[in-house]
Amino acid sequence: QVQLVESGGGLVQAGGSLRLSCTTSVRTFSPYTMAWFRQAPGKYREFVAAINWSGAITDYADFVKGRFTISTDNAKTTAYLQMNSLKPDDTAEYYCAGRRGSISSRSRASYAYWGQGTQVTVSS
């Protein structure tokens, strides 16, 4: 069973930055795809970004393009989400997700492995 643990959330002012980490229990990221989703109170869980195991292919939701960067450290089998220029609308619980396969997906149902989430709060 793959285990994912997120960290790095917190309270930040609008315009600030945070870096989320997702530590995994896998020995290698091949052949996994890793992703970040988020869920604000009263809203559905939405796709944020994904990266394939080699890091060569990334995908971003339109609302984070140019502000967020997803990356992986294969030696540490850890995924990251660097979030810059944060806005109050980015306030949500952020979840790390993983799936077998090198093809990225924006669908929650495609991901078999999930972390517990980390809270990000952006104040105005």
Side-chain angles (χ1 to χ4, degrees):
Q1 182 70 12
V2 175
Q3 295 182 330
L4 308 179
V5 179
E6 302 95 335
S7 62
L11 173 64
V12 64
Q13 288 188 331
S17 298
L18 283 174
R19 188 177 81 155
L20 305 183
S21 299
C22 174
T23 303
T24 77
S25 63
V26 300
R27 292 186 178 182
T28 173
F29 270 140
S30 175
Y32 293 92
T33 290
M34 303 301 297
W36 289 93
F37 287 76
R38 70 184 188 184
Q39 187 167 15
K43 296 187 177 181
Y44 64 91
R45 190 171 298 186
E46 62 183 356
F47 170 80
V48 175
I51 187 168
N52 77 324
W53 68 272
S54 69
I57 301 173
T58 57
D59 185 27
Y60 294 93
D62 286 345
F63 54 78
V64 302
K65 281 183 179 177
R67 299 189 299 125
F68 292 9
T69 303
I70 190 171
S71 62
T72 56
D73 182 330
N74 289 343
K76 297 181 179 178
T77 61
T78 298
Y80 302 97
L81 184 68
Q82 177 67 44
M83 305 186 296
N84 299 327
S85 302
L86 283 162
K87 306 174 182 179
D89 285 348
D90 295 318
T91 295
E93 188 83 6
Y94 282 72
Y95 296 89
C96 178
R99 64 185 297 268
R100 288 186 178 272
S102 59
I103 298 176
S104 176
S105 172
R106 296 188 173 197
S107 170
R108 289 183 302 163
S110 298
Y111 293 86
Y113 311 111
W114 291 86
Q116 300 277 19
T118 185
Q119 177 67 37
V120 171
T121 303
V122 184
S123 63
S124 58

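Taking each heavy atom of Pro88 and Ala14 in turn, the nearest pair found is CD-CB, 4.1 Å. Residue Ser105 comes nearest to Tyr111 through the heavy atom pair O-OH, 2.6 Å, listed as atom of the first residue, atom of the second, then distance. Between Tyr60 and Phe68 the shortest heavy-atom distance is CE2-O, 3.3 Å. The minimum heavy-atom distance between Ser104 and Asp59, with the atom names listed, is OG-CB, 3.9 Å. Cys96 and Leu4 get closest at one heavy-atom pair: O-CD1, 3.7 Å. Pairing each heavy atom of Thr33 with each of Gly101, the nearest pair is OG1-O, 2.6 Å.
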Criterion side chain to side chain contact (heavy atoms under 4.5 Å, CB included) on Asp89 and Phe63, from CA distance to verdict: CA-CA 10 Å; Asp89 285 348; Phe63 54 78; over 6 Å; no
Decide yes or no on side chain to side chain contact (heavy atoms under 4.5 Å, CB included) for Val120 and Arg38, but give the supporting numbers first. CA-CA 9 Å; Val120 171; Arg38 70 184 188 184; over 6 Å; no
Would you please test Glu6 and Leu20 for side chain to side chain contact (heavy atoms under 4.5 Å, CB included) and show each step? CA-CA 7 Å; Glu6 302 95 335; Leu20 305 183; over 6 Å; no
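Taking the side chain as every heavy atom from C-beta outward, Gln119 and Thr91 approach each other to under 4.5 Å. Between Tyr95 and Gln39 there is a side-chain heavy-atom pair separated by less than 4.5 Å. In this structure, the side chains of Met83 and Val12 stay at 4.5 Å or more apart for every pair of heavy atoms. Between Ile51 and Tyr32, every side-chain heavy-atom pair lies at or beyond the 4.5 Å cut-off.
Of the inter-residue distances, the one linking Leu18 atom CG with Gln82 atom CD reads 8.5 Å to the nearest 0.5 angstrom. Note that the CH2 atom of Trp53 and the OG1 atom of Thr72 stand 10.0 Å from one another [nearest 0.5 Å]. Distance CG/Asn74 to OG1/Thr28: 6.5 Å, rounded to 0.5 Å. Atom CD of residue Gln1 and atom OH of residue Tyr113 lie 6.5 Å apart, to the nearest 0.5 angstrom.
For CD of Glu46, the number of neighbouring non-hydrogen atoms (other residues, nucleotides, ligands) closer than 6.0 Å is greater than 12. Around the CG atom of Leu11, the shell of radius 6.0 Å holds more than 12 heavy atoms that belong to other residues, nucleotides or ligands. At most 12 non-hydrogen atoms from other residues, nucleotides or ligands lie less than 6.0 angstrom from CD of Gln116.
A distance-only check finds no donor-acceptor pair linking the side chain of Arg106 to the backbone of Phe47 [under 3.5 Å].
The same ILVMFWY cluster, assembled from side-chain heavy atoms under 4.5 Å apart, contains both Val122 and Leu81. Under a hydrophobic-cluster definition in which Ile, Leu, Val, Met, Phe, Trp and Tyr are linked whenever side-chain heavy atoms come within less than 4.5 Å, directly or via other members, Tyr80 and Val2 are assigned to different clusters.
The pair Lys65-Asp62 counts as a salt bridge, with a side-chain nitrogen and a carboxylate oxygen less than 4.0 angstrom apart.
Residues that satisfy the ring-ring contact (aromatic ring centres under 6.0 Å, His included) test with Trp114, not counting sequence neighbours, are Phe37.
Every pair passing side-chain hydrogen bond (donor to acceptor under 3.5 Å, both in side chains) that includes a residue from residues 11-27 is listed here, sequence neighbours excluded: Ser17-Asn84, Thr24-Thr77.
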